[in-house]
Amino acid sequence: MNRCLLCHEPLVPALHFRTLWSPDEPSGFCDSCRRGLAKIDRKNCCPVCGRDLSIVDPAFISRGVCLDCKRWEESRMSGVLQCNYSVYQYNDQMKKIMTAFKFRGDAVLVQGFKQDLQAAYKQICRIQHSQSRMARRSTLHDVISRLRDVAAFGLRRYKKNEDLIIVPVPLSEERLLERCYNQSLLLAQFLGDTAAEALIRKVNEPKQSKKRRHERLELKENPFQIAEPFRKQLAGRHVLLIDDVYTTGATLRLAAQALQPAGPKSIASLTLAHG
Amino acid sequence: MTILPHDVQPRLLHSEDLQSFLFGRECLLEELPFSAEIIERNRKIGAVSLEPGIEIRPASASVFSVKHRFRCRRCGNEHPNFFSAYYCARCRKTCVYCRRCLSMGVVKSCSLLATWIGPAPSAPLFKTKNGRLCQWRGTLSDLQRQAADKLTDAVQHKQSYLVWAVCGAGKTEVLFPAVEKALLAGLRLAVATPRTDVVRELFPRFRKAFPTVPISALYAGSSDRTTLAPLVITTTHQLLRYRGYFDVVIIDEVDAFPFDYDPMLAYAVKKSAKPDTPFIYLSATPPPALKKAFLTGRLQGIKIFRRFHGFPLPVPQSRWMGNWREKVSQGLIPAPFLNWVMEKAAGNRRLFIFVPSIEMLKQLTPLLQEKCQTTIESVHAEDPGRHEKIMLFRQGVIQILVTTTILERGVTVSGVEAAVFGADDPVFDERALVQISGRVGRDPAIPGGEIIFFRYGRTLEMVRAKRHIEQMNREGGFK
């Protein structure tokens, strides 16, 4: 019997006409544990960092963008990271799960996020796809490709995005040996087999989660560098960085900055939580 | 065969620091605060054993079997649901890990558990003036005296023993003579209980009674790191860190959740003890297996059905209060319950109010706070301020404490009265209700007090609980 990964209560799948023929894949967490998680609404979030604007004081929002992001755009890191998508708010329940997942070593908890993460990924593919089409304007080639899309009736709508390369944010060697797994890599593995470990973290700086905001932001030297074998692959492709939590955005921007020399088309990021 | 030169004695070879740290315990290799070199040297001379954390064996005897069964060496977990695996960056292959004892640091198939198998450190010995260690100067009642003598005998003959005593019979004091005798004989004892609150209640009492004995108190979040203490007061969870250390294991509140529910804890208790260790069980409501063993004579024991102050147990009354679930969801407090609380609050009595769930606790507490002009607080298992609030309640700063079943046992507050809000909820079984009733009237100065089951329906468990208490009073010699 499948049980909830968090509370160990039996998982009773809902019986629909559809599930009668093909049972749903077990979703990891039971309904009551899932209820504690708050998903971020794509329609009401900061377009740059993916923060849920419904829980932000309106005084900190200007023209639909949160103040943090404005500050980033005014800094020298401006434009390094195109945008960030986050799936959940970093609320108490999420914190609890993250503690178990990252610090207590309960790697299997990642299964509970599989469905939502994959759905978010599909959405990102769609957004990026339409963006790139818009950029190209309406050419004859585009009209033909759209016709082809319609002909394929959605079958190829989510086809593997050849342009997109998924890069998990790495851990330093020491931290990896201590924890034995990279939580970002586990998350990235849900998004296809193409997770490219294109970054290396050289320095073992103190944990970001143990630091305060200004301490996080004042990193002087970039701890990330490109893993040489991947340099060629990155050129001319869209990069999607994967991380567990977006807090100040410092880590992701440093990672994006390290990737810039390889000449990717754009760098965006997807994180599990934002807070 | 090489012969050691005369001046090198075997005991000089092993590290004494490591010995005193590791003796009787089982630790993950990475938890040991010693260099790899020291550990390796001790392993070579056979003083330390390193075993894989997860034992892996084929699921069936068939040669072609590809499935495996796992067993966690630390917590005894064998259930496939409680194992999981990931690609381990340290050993560069897929590692299985145990999910059940994760909170004590992860045990994986590539981690090693260290135990001491070398010579034992010398037994703890105490200097005494008059052959007494116990500084407790109270007197035992006749029944207590009798129980204490029998218990001391049982410990000496290494026999397991059950003390079946009503709430407030003075079980802890009954232990003192036996504990004293065992300590004087150089034995190592554990007083284990499933509840953290009980450990925190017992520790000061033992420390006061045995001021010269090093005692360590272990529960999740305690900062105690004393090694080799001859007397360890601990939650049953923490016993997982021991292996073959104790000569006597005393289990208080043996029927408390989660002990009767979680096989890991039974494994922990067994693992922490030596093979011939006697187990002393203490309970007011022994679980069926122990009760049967006792009644059929397989397990020795004694009943103490009279409180140490000689007054009978308060018998619970039940009072109807209508559909309490609905009332509370409408933001109302059932009138009979509210009247009772107001009356007690006006009479300056301290009250325990037990509710069936945390959700109900969160709904009811603000309602009560609105209605009553006294200090009302609530406590549940995940409350960060739990220990503080209990202390304040004990000191009388908080007058009314709303709580779930976590405080049903082990907590002694003088002059308290109790109400069960929604006693017909299935959470409250016979044992829980008996334990709750046992909170009342424990102080010899205030031996009475009301315990009231506020209810809508009536459950078999409520009836049984009342019958149980009346039965105990009868056996204790009251009418």
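Not measured: the values here are computed from a predicted model. Just so it is clear, the values below take in all heavy atoms, side chains as well, and ignore hydrogens, waters and symmetry mates. First the proteins, then the strands, lettered A, B, ... as listed; each starts at 1.
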Trainee: Please classify the contact of B/Arg99 with chain A as side chain, backbone, both or neither, using a heavy-atom distance under 4.5 Å.
Mentor: side chain

Trainee: Within 45 degrees of the ring normal and closer than 6.0 Å to the centroid, is that where the cationic atom of A/Lys95 sits relative to A/Tyr90?
Mentor: yes

Trainee: Before accepting this row, confirm whether a basic side-chain N of the pair B/Glu40/B/Arg43 lies closer than 4.0 Å to the acidic partner's carboxylate O.
Mentor: yes

Trainee: Identify which part of A/Leu185 has an atom lying under 4.5 Å from any heavy atom of chain B, answering side chain, backbone, both or neither.
Mentor: neither

Trainee: Just one of A/Ser184, A/Ser86, A/Ser269 clears the side-chain hydrogen bond (donor to acceptor under 3.5 Å, both in side chains) bar with A/Asp243, so which one?
Mentor: A/Ser184

Trainee: Answer yes or no: does atom CD of B/Gln330 have more than 12 heavy-atom neighbours from other residues, nucleotides or ligands under 6.0 Å?
Mentor: yes

Trainee: Shorter than 4.5 Å, heavy atoms on both sides: which option in B/Cys95, B/Ser84, B/Cys110 has the most such pairs with chain A?
Mentor: B/Ser84

Trainee: So for B/Tyr97, is it side chain, backbone, both, or neither that comes closer than 4.5 Å to the heavy atoms of chain A?
Mentor: side chain

